[in-house]
Amino acid sequence: MTASGQSRHIDRLPAAVALELMLASQIAAAQSVSTALPMIELAAKAVAVTLRAGKTVIYAAAGSSGLMALADAAELPGTFGISPDQIRIAMAGGIPVDARMPGDTEDETGSAEAVADRINAGDALIVLS
């Protein structure tokens, strides 16, 4: 059985097997990033130019990708000393304040258009999916 076949019923596996499978999938995911490093470097340089120019970095996403965007954006001030005023987070359905995640906002275009209207020349938009 393949790893993807096993993970389909991960809740039925012994805990140790399930943990090994999850670890293996995380390692594979991390290793797959190596081929994207040149593009990640270009993106990082573009964001640095944006920030040095005093412009804004906007994260846009929905669902669990939105939560990852939120976590990444929230780390920027403390880790890199970036002003929170230079960071915006646009999460479809809004940022949850409790454990309720809106599940039907990914295809709603009105808020996406509102975010697009607030992007200025020189800003950087990071879209997570």
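It should be emphasised that the depicted structure is a prediction, and the values quoted were computed from it without experimental measurement.
Note: the hydrophobic cluster containing Val49 does not contain Leu42 (ILVMFWY, side chain heavy atoms under 4.5 Å, direct or indirect links). In terms of hydrophobic clustering, with Ile, Leu, Val, Met, Phe, Trp and Tyr side chains grouped at heavy-atom distances under 4.5 Å, Leu70 and Met68 are assigned to a common cluster. Hydrophobic clustering, with ILVMFWY side chains joined whenever heavy atoms are under 4.5 angstrom apart, keeps Val47 apart from Val115.
Using a 4.5 Å cut-off on side-chain heavy atoms (C-beta onward), Tyr59 and Leu76 make contact. Side-chain contact between Ile126 and Ile58 is absent, with no heavy-atom pair separated by less than 4.5 Å. Looking at Thr56 and Asn120, their side chains never come closer than 4.5 Å, going by heavy atoms from C-beta outward. Using a 4.5 Å heavy-atom threshold, the side chains of Val33 and Ile40 count as touching.
Leu13 CG to Leu21 CG: the interatomic distance, rounded to the nearest 0.5 Å, is 6.5 Å. In this structure, CD1 in Ile119 is found 7.0 Å from CZ in Arg88, a value given to the nearest 0.5 Å. Distance CD/Gln26 to CG/Leu23: 8.0 Å, rounded to 0.5 Å. For the atom pair CE (Met91) and CG (Leu128), the distance works out to 11.0 Å, reported to the nearest 0.5 Å.
Using modelled atom types, one side-chain atom of Thr79 and one backbone atom of Glu75 make a donor-acceptor pair closer than 3.5 Å.
Considering every non-hydrogen atom in both Ile87 and Ala73, the closest pair reads CG2-CB, 3.7 Å. Considering all non-hydrogen atoms of both residues, Ala62 and Ala92 come closest at CB-CB, 3.6 Å. Contact detail for Gln86 and Thr50: the closest heavy-atom pair is NE2-O, 4.3 Å.
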